[in-house]
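What you are looking at is a predicted structure, and each value in this text was computed from that prediction instead of being measured.
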Amino acid sequence: QVHLVESGGGSVQAGGSLRLSCTVSGYSFSANCMSWFRRVPGKAREGVASIYTGGGTTGYSDSVKGRFSISRDNAKNTLYLQMNSLKPEDTAMYYCAAASSLAAWNGAYCSTRPDYYGYWGQGTQVTVSS
C-alpha cells in the first residue's frame, strides 16, 4: 500500500522560505514521476513542480520557476520542495503526488496532469502573509 505524508508547511512572511517534505512508503523511487501540486479553495489544482526520480529531470510551473526547487532523496524515499522568495499568492494547500501511470513520463519531462497521479498525500498548508 502506498502512503505519502507531507510535512513542513506553516506560516511565513512574504520573502521568506519553507521546505516541504514528503515521506513515501510502498512506492518505487527508482524511475517514476513525482510532483508537488497546490490548491486554493475555488481554484483548480495546480502542478507546481515535478521530478523524474530515475534521472532527476525537473520541471516547474511559470508561477514558481526560479523560486521553488524540487528534489528527492532516493535512499530516504523522501521528496522535497524548497520554496524561496515566497509570495502571498503562494498561499495554498500543498500536496505531493506519485504517478500511477507510465504516461506521466514522456521521455523528456514529467507531466503534472493530475489524472496521471494515483497516489496523494493529505496535504500541508502554506500561508504567506504580506
Problem - Test item: side-chain donor near acceptor, Ser35 and Tyr117, under 3.5 Å - result: yes
Handout entry: Donor + acceptor pair across side chains of Glu46, Ser63 (<3.5 Å)
Key = yes
Would you name the heavy atoms of [X] and [Y] that are closest together and state the gap between them?
{"X": "Val64", "Y": "Val48", "answer": "CG2-O, 3.3 Å"}
{"X": "Tyr27", "Y": "Cys33", "answer": "OH-O, 3.6 Å"}
{"X": "Pro114", "Y": "Arg45", "answer": "CB-NH2, 3.5 Å"}
{"X": "Val5", "Y": "Gln122", "answer": "CA-OE1, 3.7 Å"}
{"X": "Val12", "Y": "Leu18", "answer": "CG1-CD1, 4.1 Å"}

Approximate separation, where rounding is to 0.5 Å, of [X] [atom1] and [Y] [atom2]:
{"X": "Arg19", "Y": "Asn84", "atom1": "CZ", "atom2": "CG", "value": "11.5 Å"}
{"X": "Leu81", "Y": "Ile51", "atom1": "CG", "atom2": "CD1", "value": "10.5 Å"}
{"X": "Cys96", "Y": "Arg72", "atom1": "SG", "atom2": "CZ", "value": "15.5 Å"}
{"X": "Met83", "Y": "Ser17", "atom1": "CE", "atom2": "OG", "value": "8.5 Å"}
{"X": "Asp115", "Y": "Ser101", "atom1": "CG", "atom2": "OG", "value": "8.0 Å"}
{"X": "His3", "Y": "Asn77", "atom1": "NE2", "atom2": "CG", "value": "13.5 Å"}

Exercise for the section: Mark yes or no for whether Glu6, through its side chain, and Ser21, through its backbone, hold a donor-acceptor pair below 3.5 Å. Expected result: no
Practice task
Please check if the side chain of Thr127 supplies one atom and the backbone of Ser11 the other of a donor-acceptor pair under 3.5 Å.
Solution key: no
Handout entry: Between Phe68 and Trp36, ring centroids under 6.0 Å
Key = no
Problem - Tyr60 atom OH: more than 12 heavy-atom contacts under 6.0 Å - result: yes
Exercise for the section: Would you check if Leu79 and Asp73 make a side-chain contact, meaning some heavy-atom pair closer than 4.5 Å? Expected result: no
Practice task
Please determine if Lys65 and Asp62 form a salt bridge, counting it only when a charged side-chain N lies under 4.0 Å from a carboxylate O.
Solution key: yes
Problem - Within one Ile-Leu-Val-Met-Phe-Trp-Tyr cluster: Ile70 and Trp120, side-chain cutoff 4.5 Å - result: no
Practice task
Decide whether a cation-pi geometry holds between Arg39 and Tyr95; the criteria are a distance under 6.0 Å from NZ or CZ to the six-membered ring centre and an angle within 45° of the ring axis.
Solution key: no
